[in-house]
Amino acid sequence: MCTIEIQQYVEKDIGARAYYYAAKVLGSEITRGITYHKLTPVIIINFLTHNHLSTKNYHSCYHFNEDDEHSRLSDIVTFHFVEFPIMQKKEHGVMTRLEK
């Protein structure tokens, strides 16, 4: 299951918004008696027309990780953010697959 959102305006709480949509998708799968290992992983992809994040990368990927050791709690949710203003215009032949 993949949720794609295109964010075209400045949203201060883009992280909270992404968490909300992931929780909403996961919550819609839960029914009484279902075991959690049967949940379908959710991928949230945000295409942003403004710089929302504090990273220098045009593509950022977030997961649920432990703060100190960075071990992964779960792969159930993955967040991708692509910030178009950070992408440098390149010749087609030198672009990465993602940039194309």
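Scanning all heavy atoms of the two residues, the minimum distance from His63 to Val77 falls at CD2-O, 4.0 Å. Contact detail for Thr40 and Leu26: the closest heavy-atom pair is O-CD2, 3.9 Å. Contact between Ile14 and Phe81 at its shortest, heavy atoms only, is CG1-CE2, 3.7 Å. Taking both residues in full, the closest heavy atoms of Glu29 and Lys38 are given as OE1-O, 4.2 Å, listed atom of the first, atom of the second, then distance.
Remark: Thr78 OG1 to Asp75 CG distance equals 6.0 Å, nearest 0.5 Å. In this structure, the separation between CG on Asp13 and NE2 on His52 is 11.0 Å, given to the nearest 0.5 Å. Taken to the nearest 0.5 Å, the CG atom of Asn65 stands 10.5 Å off from the OG atom of Ser74.
The closest donor-acceptor contact from the side chain of Glu83 to the backbone of Pro85 lies at 3.5 Å or more, if one exists at all.
The one candidate from Asn46, Ile86, Thr55 that meets the side chain to side chain contact (heavy atoms under 4.5 Å, CB included) condition with Ser60 is Thr55.
Between Tyr36 and Ile30, some side-chain heavy-atom pair lies under the 4.5 Å cut-off.
Ring planes of Phe64 and Phe79: perpendicular class, angle over 60° (limits at 30 and 60°). Ring geometry, Phe84 versus Phe47: the interplanar angle falls under 30°, so the pair is classed parallel (tilted spans 30 to 60°).
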